[in-house]
Trainee: 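Quick one: structure below, then a few questions.
It should be emphasised that the depicted structure is a prediction, and the values quoted were computed from it without experimental measurement. Quick note: numbers below take in every heavy atom, side chains included, and nothing from hydrogens, waters or symmetry partners.
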Amino acid sequence: MKYDRDKAHPQPVSLELLAPAKNLACGLAAIEHGADAVYIGAPRFGARAQAGNSIDDIAELCRFAHQYAAKVYVTLNTIVYDDELEAVGDLVCLLTRAGVDALLIQDMGIYELIRQMGQSEPVPALHASTQTDNRTADKVAWLRDLGFKRVVLARELSVDEIQSIHEAVPDVELEVFVHGALCVSYSGLCYASQYCFGRSANRGECAQFCRLKFNLEDADGNVIEQGRHLLSLKDMCQIDHLEELVAAGAVSFKIEGRLKDVAYVKNVTAAYSQRIDQLCRRHPNRYKRASHGSVGYSFKPNLQKTFNRGFTQYFLKGRKPDIFSPDTPKAIGEYVGRVKELRGASLTVAGTAVFANGDGLCFLNSRRELEGFRINKAENNRLFPYKMPAGLTPGTALYRNNDMAFERLMAGNTAQRKAEITMTLSETPTGFRLQSGMAAVEVETEKQMAQKPQAENIVRQLTKLGNTPFTCSEVRMVPEPFGFFIPSSFLSDLRRRLVEKLTGEDCASGSSLPVFSEEKTLFRPQKEYVSHPYLWNVANRLSQHFYEERGVSPLWPAFEVRRPAGRQLLMQCRHCLKFSLGYCPRHGRQPMPWREPLSLVLPDGRRFPLVFDCSQCQMNVYSCHEKP
């Protein structure tokens, strides 16, 4: 029987748009442009080491977000070492006081630390980061039983797989990625950067091994592909498939990009927020936004105008061939036309795009390499580059990866968010009370009966909300009719104090006493965990104790703590080069004419053998010490 979410959830389901925040400015912009929540890095221990933020900035972001009932999640999703555990505990205390709503973690040592703290004092809710490798219902159920409120699913899952997980574990929130850069390996299980460069992806220092150029060679040294970015994926874009994800059971829709700038955050957040609003308007009895407030935009979002490597649905509808970007790992941007004519120091473009001085254009040259140039002067569709590229020829497709007009637009004030409130003005024994929701203020004053109706002036004074985050839809007066005279200065003071209450530090946060499970059950892991036990990412004594109590054996230190001897599994990828090149035996492709094993080879000669595990529809990348 097909799962019926309407029957399972008779009340409207809250849908959350979750946006990235490199810093405070990005976080504020995300909330202003329609995000229901943001995720941001703490000063340390986030999976983007370059995106740390001060406690003061996080606290300010919390105060701003909570005005709209929006939430702030902090990433503590690296693995940590023994000598860092005390600092993690101190940081959790500071983040709790700052008002954060949840912490994203992957290290079970951090889980143990927070579990111990949560027995005696409030701590934020826990979300299981995608770094914990969440691709099965068993894993999600196990995390729920440990006390995680939400699980961030692997990016590789299809909509059917997401639905199966939700049906099996309906009582945990599921968060899915919908937009942005894709890791080619299952998150948390990529050791290539650590192996090659001593920079750990699990410590927030990924050197992007997957964006490098490789040769693809067979067992006899025949070159199948030369100098191509064979592991570099396009960027995810699910903006046209949000309703399918909602129907499958997802409730939070995550935009990747914690290293992206404010313009990216504004544009992408606005685009997805408008789509979710449309979905809620079409199905008001099924869905609602997780936060309050309506947003007015002064621009039209366009996902093609901000950083992207081309877009893919990834595995949303099953395996597709066109998910990677082998020609370049860089941003291509929007297609703007083809070169019509080259004339001296200028070129003309066949197309309808409007150009501006300073625009950045790019194209793929005859060597299938991305080449770029900047426009010095634009006269309609005749362009004068600063320097004419040598590889440009008539008929070449052009892309714009830097739109100056759009960048100038995005640098200004591009949105205004207002939360709608109602106010109630009522008489008290000693004066008057003004209330909105749970917030209320009172004034003691001698009461005077009005000689003429006061309702119009009372409404006018109380609704002068100006630059505050609020707009008032109704002012109720008790008793009715309201026969008292209240000076305008008193009304203004009541309004100001109420706004301070509504925007104050007593806004709700996620701090509570979570229920942590004392059961020591273990989920059934993927088979690679048995043959390569470092995949558990155990880097500290608390994490080791956590897994030993649950019967994990053998248990090796994390790859970052002690590199294991012999052949090492560096990546587990759903992206498969056999499939992408047309030689998949499971999908009716032609037989492969080359002898296995195939290997990826860097320009310096380092070789990385590939093992194709067709039983799991997975491509594994191994270290170069031994042939598989």
Side-chain angles (χ1 to χ4, degrees), residues 1-19 30-31 33-39 65 68-71 73 101-102 125 127 134 137 140-141 144 148-153 155 157-179 236-255 268-297 301 303 313-317 417-422 437 473 508 510:
M1 180 183 294
K2 186 172 176 62
Y3 178 75
D4 189 337
R5 186 165 187 173
D6 289 345
K7 291 182 180 179
H9 300 275
Q11 298 298 319
V13 176
S14 293
L15 305 182
E16 177 187 274
L17 176 60
L18 177 57
I31 299 297
H33 287 73
D36 301 291
V38 296
Y39 62 105
Y68 305 99
K71 296 183 177 180
Y73 308 142
D101 299 280
H127 293 180
N134 309 317
V140 172
R144 174 208 59 194
F148 285 89
K149 180 181 180 182
R150 176 180 296 182
V151 175
V152 187
L153 296 179
R155 296 167 174 87
L157 299 186
S158 69
V159 69
D160 290 337
E161 289 170 316
I162 294 169
Q163 180 166 322
S164 294
I165 290 173
H166 178 60
E167 290 175 3
V169 198
D171 53 344
V172 66
E173 296 176 1
L174 298 181
E175 181 179 307
V176 296
F177 285 88
V178 293
H179 196 89
M236 178 184 281
C237 182
Q238 309 291 19
I239 195 165
D240 294 326
H241 304 283
L242 295 176
E243 190 161 2
E244 296 159 80
L245 289 166
V246 171
V251 296
S252 180
F253 307 97
K254 187 171 195 168
I255 299 166
V268 179
T269 301
Y272 277 86
S273 183
Q274 289 180 351
R275 287 295 185 93
I276 295 175
D277 281 344
Q278 291 171 11
L279 178 59
C280 292
R281 284 195 294 269
R282 285 200 308 272
H283 306 288
N285 297 322
R286 296 185 192 177
Y287 312 124
K288 64 179 181 178
R289 293 300 294 265
S291 62
H292 307 321
S294 58
V295 183
Y297 301 98
L303 295 177
Q313 298 172 22
Y314 209 27
F315 293 98
L316 187 74
K317 301 294 186 66
R417 182 168 181 170
K418 294 285 187 180
E420 189 174 278
I421 62 172
T422 60
S473 60

Trainee: Quick one: closest heavy-atom pair of Val176 and Ile162, and the distance?
Mentor: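 Heavy atoms of Val176 and Ile162 come nearest at CG1-CD1, 3.9 Å.
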Trainee: Rounded at 0.5 Å granularity, tell me how far CD1 in Ile165 sits from CG in Leu157.
Mentor: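 Nearest 0.5 Å value for the CD1-CG distance: 5.0 Å.
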Trainee: Tell me whether Asp160 is salt-bridged to Lys317, with the criterion being a basic N under 4.0 Å from an acidic carboxylate O.
Mentor: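 No.
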Trainee: Determine whether a donor-acceptor pair (N or O, by modelled atom type, separation under 3.5 Å) exists between the side chain of Tyr272 and the backbone of Gly34.
Mentor: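 Here the side-chain-to-backbone pair does not exist.
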Trainee: Could you please spell out the steps behind the side-chain contact (heavy atoms from CB on, under 4.5 Å) verdict for Leu15 and Cys280?
Mentor: CA-CA 9 Å; Leu15 305 182; Cys280 292; 4.3 Å; yes
Trainee: Heavy-atom distance under 4.5 Å between the side chains of Leu279 and Asp277, does that happen here?
Mentor: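 A side-chain contact is absent here, since even the closest heavy-atom pair is not under 4.5 Å.
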Trainee: Less than 3.5 Å apart, any donor N or O on the side chain of His241 or Glu244 sitting next to an acceptor on the other?
Mentor: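 The criterion, which ignores hydrogens and geometry beyond distance, is satisfied for Glu244 and His241.
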Trainee: Do Phe148 and His127 have ring centres separated by under 6.0 Å?
Mentor: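 No, the ring centres sit 6.0 Å or more apart.
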Trainee: Which distance, rounded to the nearest 0.5 Å, do you find between the CE of Met236 and the CD1 of Ile255?
Mentor: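 Reported value, rounded in 0.5 Å steps: 12.5 Å.
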Trainee: For Leu153 and Phe177: C-alpha separation, side-chain torsions, deciding distance, then whether side-chain contact (heavy atoms from CB on, under 4.5 Å) applies.
Mentor: CA-CA 8 Å; Leu153 296 179; Phe177 285 88; over 6 Å; no
Trainee: Quick one: which of Ser14, Ser273, Ser294 gives a side-chain hydrogen bond (donor to acceptor under 3.5 Å, both in side chains) with Arg289?
Mentor: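 That would be Ser273.
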Trainee: How far apart are the closest heavy atoms of Ala137 and Val169, and which atoms are they?
Mentor: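 So the two residues come closest at O-CG2, 3.7 Å.
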Trainee: Any chance you could lay out the side-chain contact (heavy atoms from CB on, under 4.5 Å) test for Gln238 and His179, step after step, and finish with the verdict?
Mentor: CA-CA 6 Å; Gln238 309 291 19; His179 196 89; over 6 Å; no
Trainee: I need the minimum non-hydrogen distance between Pro12 and Pro284, along with the two atoms involved.
Mentor: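 Smallest interatomic distance, heavy atoms only, reads CG-O, 4.0 Å.
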Trainee: Which atoms form the tightest heavy-atom contact between Tyr297 and His33, and what is the distance?
Mentor: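 Shortest heavy-atom separation between Tyr297 and His33 comes out as OH-O, 2.8 Å.
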Trainee: Go through the structure and list residues passing side chain to side chain contact (heavy atoms under 4.5 Å, CB included) with Ala271, not counting sequence neighbours.
Mentor: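 With sequence neighbours excluded, Ala271 shows a side chain to side chain contact (heavy atoms under 4.5 Å, CB included) to Ile239, Pro301, Leu303, given in chain and number order.
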Trainee: Can Gln278 and Gln274 be counted as having a side-chain donor-acceptor contact under 3.5 angstrom?
Mentor: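 Checked: Gln278/Gln274 side chains show no N/O donor-acceptor pair below 3.5 Å.
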Trainee: Could you check whether Glu243 pairs with Arg282 (Lys NZ or Arg NE/NH1/NH2 to Asp/Glu carboxylate O, under 4.0 Å)?
Mentor: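 Salt bridge present between Glu243 and Arg282.
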Trainee: Would the distance check show the side chain of Tyr68 and the main-chain N or O of Arg417 forming a donor-acceptor pair, the cut-off being under 3.5 Å?
Mentor: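 Flag set: sc Tyr68 to bb Arg417 pair under 3.5 Å.
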Trainee: Using every non-hydrogen atom in the two residues, find where Asp101 and Lys71 come nearest and quote the distance to one decimal.
Mentor: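 Shortest heavy-atom separation between Asp101 and Lys71 comes out as OD2-CA, 3.2 Å.
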Trainee: Quick check for you: to the nearest 0.5 Å, what is the distance between Asn285 atom CG and Gln11 atom CD?
Mentor: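 Asn285 atom CG to Gln11 atom CD measures 10.0 Å (nearest 0.5 Å).
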Trainee: Could you walk me through whether Leu18 and Phe253 satisfy the side-chain contact (heavy atoms from CB on, under 4.5 Å) test, starting with their C-alpha distance in whole Å, then the side-chain angles of each, then the deciding distance to 0.1 Å, before giving a yes or no?
Mentor: CA-CA 6 Å; Leu18 177 57; Phe253 307 97; over 6 Å; no
Trainee: Is the NZ or CZ atom of Arg155 both under 6.0 Å from the centre of the six-membered ring of Tyr314 and within 45° of that ring's axis?
Mentor: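 No, cation not above the ring by the 6.0 Å, 45° rule.
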Trainee: Using modelled atom types only, decide if a donor and an acceptor are shared between the side chain of Asp36 and the backbone of Leu17 within a distance under 3.5 Å.
Mentor: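 Pair found, side chain donor or acceptor close to backbone of Leu17.
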Trainee: State the OG-CD distance between Ser158 and Glu161, to the nearest 0.5 angstrom.
Mentor: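 Spacing of OG (Ser158) from CD (Glu161) equals 3.5 Å.
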Trainee: Tell me if the NZ atom of Lys418 is crowded by more than 12 foreign heavy atoms within 6.0 Å.
Mentor: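 For Lys418, atom NZ is crowded (more than 12 foreign heavy atoms under 6.0 Å).
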Trainee: Name the residue from His166, Arg150, Arg144 that meets the side-chain hydrogen bond (donor to acceptor under 3.5 Å, both in side chains) definition with Glu173.
Mentor: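 The side-chain hydrogen bond (donor to acceptor under 3.5 Å, both in side chains) with Glu173 is passed solely by Arg150 among His166, Arg150, Arg144.
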